[in-house]
Undergrad: 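One structure, as structure tokens, below. Some questions next.
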Amino acid sequence: MAENRTPREIQTREKTERTKSWQRPEVLPTPNPEPGYKFHWVRISTRGDADPMNVSGKLREGWEPVKASDHPEIFVVGGESDRFKDNIVIGGLLLCKAPIEMVDERNGYYQQQAEAQIHSVDNNFMRENDPRMPLFNERKTKVSFGRGS
């Protein structure tokens, strides 16, 4: 019986090339850029509970929902929200876009607010400063190891 077999050295296997290796999927996919627009994911629900205050606030700010047909590169299985059925919704987040100029103005406004708060806290803190016991000591110390110079 063993004599009817063909030796393994004669047998060859066809090599198949892998077309694509596995990659960890992005948590939120990145849409293809559109000139003049920035993208932002807006929370529409948390653990299945709708968050209409957040959504309406972002829409009043100027963010507009992105149509799924405008970005076919983002694959979405089924709609998570009846209200946004034609848009891209993943995990309770709605993909929105806004003009870059508006986003820059918004970021500048919040940056100015943050700086004003920091300035206010610093002024309030320094109000308690006494020259006999300063809150900040601007002297610098130097520590050297070994022989030093």
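From a predicted model like this one, the values you see are computed outputs, not experimental measurements.
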Undergrad: What pair of heavy atoms forms the shortest contact from V42 to N54, and how long is it?
TA: CG1-ND2, 3.9 Å
Undergrad: Can you confirm whether P65 sits close enough to L59 that some side-chain heavy atom of one is under 4.5 Å from a side-chain heavy atom of the other?
TA: yes
Undergrad: Please give me the minimum heavy-atom distance between V66 and H71, naming the atom from each residue.
TA: CG1-CD2, 3.3 Å
Undergrad: Which one of V27, L28, I88 satisfies the side chain to side chain contact (heavy atoms under 4.5 Å, CB included) criterion with L93?
TA: L28
Undergrad: Taking the side chain as C-beta and beyond, is there a heavy-atom pair between V103 and W63 under 4.5 Å?
TA: yes
Undergrad: Give a yes or no on whether Q112 atom CD has more than 12 heavy-atom contacts from other residues, nucleotides or ligands under 6.0 Å away.
TA: no
Undergrad: Can you list the residues that meet the salt bridge (charged side-chain N to carboxylate O under 4.0 Å, His left out) rule with D51, with sequence neighbours excluded?
TA: R43
Undergrad: Hey, what do you get for CG (D104) to CD (Q111), rounding to the nearest 0.5 Å?
TA: 12.5 Å
Undergrad: Atom CG of L94 and atom NZ of K58: how far apart are they, to the nearest 0.5 Å?
TA: 12.0 Å
Undergrad: Looking at side-chain heavy atoms only, is the closest gap between Y37 and P99 below 4.5 Å?
TA: yes
Undergrad: Which residue pairs satisfy the salt bridge (charged side-chain N to carboxylate O under 4.0 Å, His left out) criterion with at least one member in residues 106-115, sequence neighbours excluded?
TA: E61-R106
Undergrad: Locate the shortest heavy-atom distance separating A98 from G62; write the atom from each residue and the value.
TA: CB-O, 4.0 Å
Undergrad: Mind running side chain to side chain contact (heavy atoms under 4.5 Å, CB included) on F84 and L95 for me, showing each step along the way?
TA: CA-CA 10 Å; F84 300 104; L95 181 63; over 6 Å; no
Undergrad: Which atom pair, heavy atoms only, marks the closest approach of K38 to I100?
TA: CG-CG1, 3.7 Å
Undergrad: Could you walk me through whether I90 and W41 pass side chain to side chain contact (heavy atoms under 4.5 Å, CB included), step by step?
TA: CA-CA 9 Å; I90 297 176; W41 290 94; 4.0 Å; yes
